Engineer: 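Quick one: the structure is below, questions incoming.
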Amino acid sequence: MDEQPRLMHAHAAVGMSGHPGLSQHITDNTGATDGDGRKQDIGDILHQIMTITDQSLDEAQARKHALNCHRMKPALFNVLCEVKEKTVLSIRGAQEEESPDAQLMRLDNMLLAEGVSGPEKGGGSAAAAAAAAASAGVGADNSAEHSDYRAKLTQIRQIYHTELEKYEQACNEFTTHVMNLLREQSRTRPISPKEIERMVNIIHRKFSSIQMQLKQSTCEAVMILRSRFLDARRKRRNFNKQATEILNEYFYSHLSNPYPSEEAKEELAKKCSITVSQVSNWFGNKRIRYKKNIGKFQEEANIYAARTAVNAASVSAHGSQANSPSTPNSAGETILHVFLTNMFLFTSDSNGFGSLWVCCLEIVFPFD
DNA sequence: CTAAATGATTCCAC
DNA sequence: GTGGAATCATTTAG
C-alpha cells in the first residue's frame, strides 16, 4: 500500500539523475558562500537519493529494521508524539464535544417501547398490544388489522436490525483497518496509542451519527405506521345487539342519573366485551343524544323500562331484591320513574312545555 | 344512493 | 380527569 509513494519518489530521483547538469547548477549557486564541506554533504545526500533505487528491497528493510531497533528510537518517537500532541491534537480534541446523547437516548427508548429494538416477544410490542386492546377490546374482528400492523412492524424491525448489523460490521471493519494502518505507520511516523484511540473514537462518533439517522428514520416509520393504525381504529364496528341492549338497559334504568361509576363501567365493559373507554363513549353519546331529542328515544325508553320492570317484578317475586331509588321494582313504578325523570330533564332544559307535554302523554299513555 | 344511526375524537369548561 | 357539545367517519336502513 505504501509502496506507491516510494516508487514515485524513486522515479523522481531517476528523472533528476537524467539531468545532472541542472542539479550541478543548483549546487553551484547555493554552495558558493557556505564552503566546500557543506556542498559535499548535500552532494552525498543527493547521491544517496539518486541511487536509492539501486538498493535491494532487503537492504531497505534491513535499514528500516536497524532504525527501529536503534536505542534512541523510542525516546525520539515519544518526543515527536508529544510535540504532535501539543500542536495538532489539542486543537482537534477541543472541538466537537457537544453530546447528542439525550436525543439518542430518546430514540432508543422509543424504539424499545415500540418493540423495534430489544428482545423479540412474539413479533409484537406492548404498545401494539395496548393499542389493539383499546381499539376493539376482546373483539376478534380486529385481529386482521392487528396482524397487519404486527407484520408491518416486524418488517420495519427486520430492516432496522439488518441495517444496524451492516453499520456495525462496517464500523468494525473500518476501525480495524484504520487501526492496523496507523499501527503500521507508527513505525515510521509519530503516532501514539492515544492518538489511535482518539481516531477510533472519531470513527465511532461518525458511525454512531449514521446509526442515529437510522434510528430516527425507523422511529418516523413506526410513527407513520402507528398513526395509520390509529386512523384505522376509526373504521369502527357497531357493537353487537346484545351489548347495545345491556348498555341501554343500564341507561334507561338509571335515567335519573345515567352516570355509571368506574366499577359499573368495568362491569358493563366485561358484560359487553368492550373496553371501559368504549362504555364511557357510549354513555357520553347516549346522554347527549337522549337529551337532545327525548321524544325520539321515548319508544326505546318505554321498551327498556318495561323490560326492566318485568325483570324487577320477577326478581321481587323471588323476594330477593334490595330496593333502590334508581332501580324501580314494578312496571308501574318503572314507568312513573321514566316519567319523573323526563320531567326533571325537560324542566332543566330550555325546550319549553310543548315538547314536555308530548313527552308526558307518551309516557302516561301505557297506563291506560 | 341517501339519510339516519352510531362509535370515536376533539375541544372546552369545570 | 370527567362530562358536554360539536364534529368526524363509518355503518346501516330504506
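All values reported here derive from a predicted model rather than from experimental measurement. Note on naming: letters A, B, ... go to the chains in the order of the sequence lines (proteins, then strands), and numbering restarts at 1 for each one.
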Engineer: Take atom CG of A:L247 and atom P of B:dA5, then tell me their distance rounded to the nearest Å.
Structural biologist: 18 Å
Engineer: Contact class for A:N281 vs. all strands (heavy atom < 4.0 Å): base, sugar-phosphate, or nothing?
Structural biologist: base
Engineer: Over how many whole Å does the gap from A:F239 atom CZ to C:dT11 atom C1' extend?
Structural biologist: 13 Å
Engineer: Identify whether any heavy atom of A:F283 sits under 4.0 Å from a base atom; if not, whether one sits that close to sugar-phosphate; answer base, sugar-phosphate or nothing.
Structural biologist: nothing
Engineer: May I have the distance from A:I274 (atom CD1) to B:dG7 (atom C1'), rounded to whole angstrom?
Structural biologist: 10 Å
Engineer: Map A:N238 and A:K265 onto DNA chain C by nearest heavy atom, then report which one ends up closer to the 5' terminus.
Structural biologist: A:K265
Engineer: Under 30°, 30 to 60°, or over 60°: which ring-plane class applies to A:F207 and A:F174, parallel, tilted or perpendicular?
Structural biologist: tilted
Engineer: Tell me whether the OP1 or OP2 atom of B:dT6 has a side-chain N or O from A:K286 closer than 4.0 Å.
Structural biologist: no
Engineer: Calculate, to the nearest 0.5 Å, the distance between atoms NZ and OH belonging to A:K286 and A:Y250 respectively.
Structural biologist: 15.0 Å
Engineer: Reckon A:N285 has a side-chain N or O less than 4.0 Å from the OP1 or OP2 of B:dG7?
Structural biologist: no
Engineer: Nearest to the A:K292 side chain among B:dA8, C:dG4, C:dA6, which nucleotide is it?
Structural biologist: C:dA6
Engineer: Starting at atom CD of A:E300, determine the distance to atom P of B:dA4, rounded to an integer number of angstrom.
Structural biologist: 17 Å
Engineer: Heavy-atom count around A:H161 NE2 within 6.0 Å, excluding the residue itself: above 12?
Structural biologist: yes
Engineer: Please give, in whole Å, the distance from C:dT2 P to A:W282 CH2?
Structural biologist: 19 Å
Engineer: Other residues, nucleotides and ligands only: do more than 12 of their heavy atoms fall within 6.0 Å of NE2 on A:H204?
Structural biologist: yes
Engineer: Please confirm whether the shortest side-chain N or O distance from A:K296 to OP1 or OP2 of B:dA5 is below 4.0 Å.
Structural biologist: yes
Engineer: Please tell me which of the listed nucleotides, C:dA5, C:dG3, B:dA8, lies nearest to the side chain of A:I288?
Structural biologist: C:dA5
Engineer: Which nucleotide sits closest to the side chain of A:E262: B:dG7, C:dT2, C:dA6?
Structural biologist: C:dT2
Engineer: For a quick check of understanding: with a heavy-atom distance under 4.0 Å over all strands, which category does A:R289 fall into, base, sugar-phosphate or nothing?
Structural biologist: base
Engineer: Give the rounded distance in Å between these two atoms: CZ of A:R287 and P of C:dT2.
Structural biologist: 12 Å
Engineer: Specify the separation, in whole Å, of atom CG of A:N257 and atom C1' of C:dG3.
Structural biologist: 12 Å
Engineer: Taking only side-chain nitrogens and oxygens of A:Q278, does any of them come within less than 4.0 Å of OP1 or OP2 of B:dA8?
Structural biologist: yes
Engineer: Closer than 4.0 angstrom, basic N to acidic O: yes or no for A:E163 and A:K166?
Structural biologist: yes
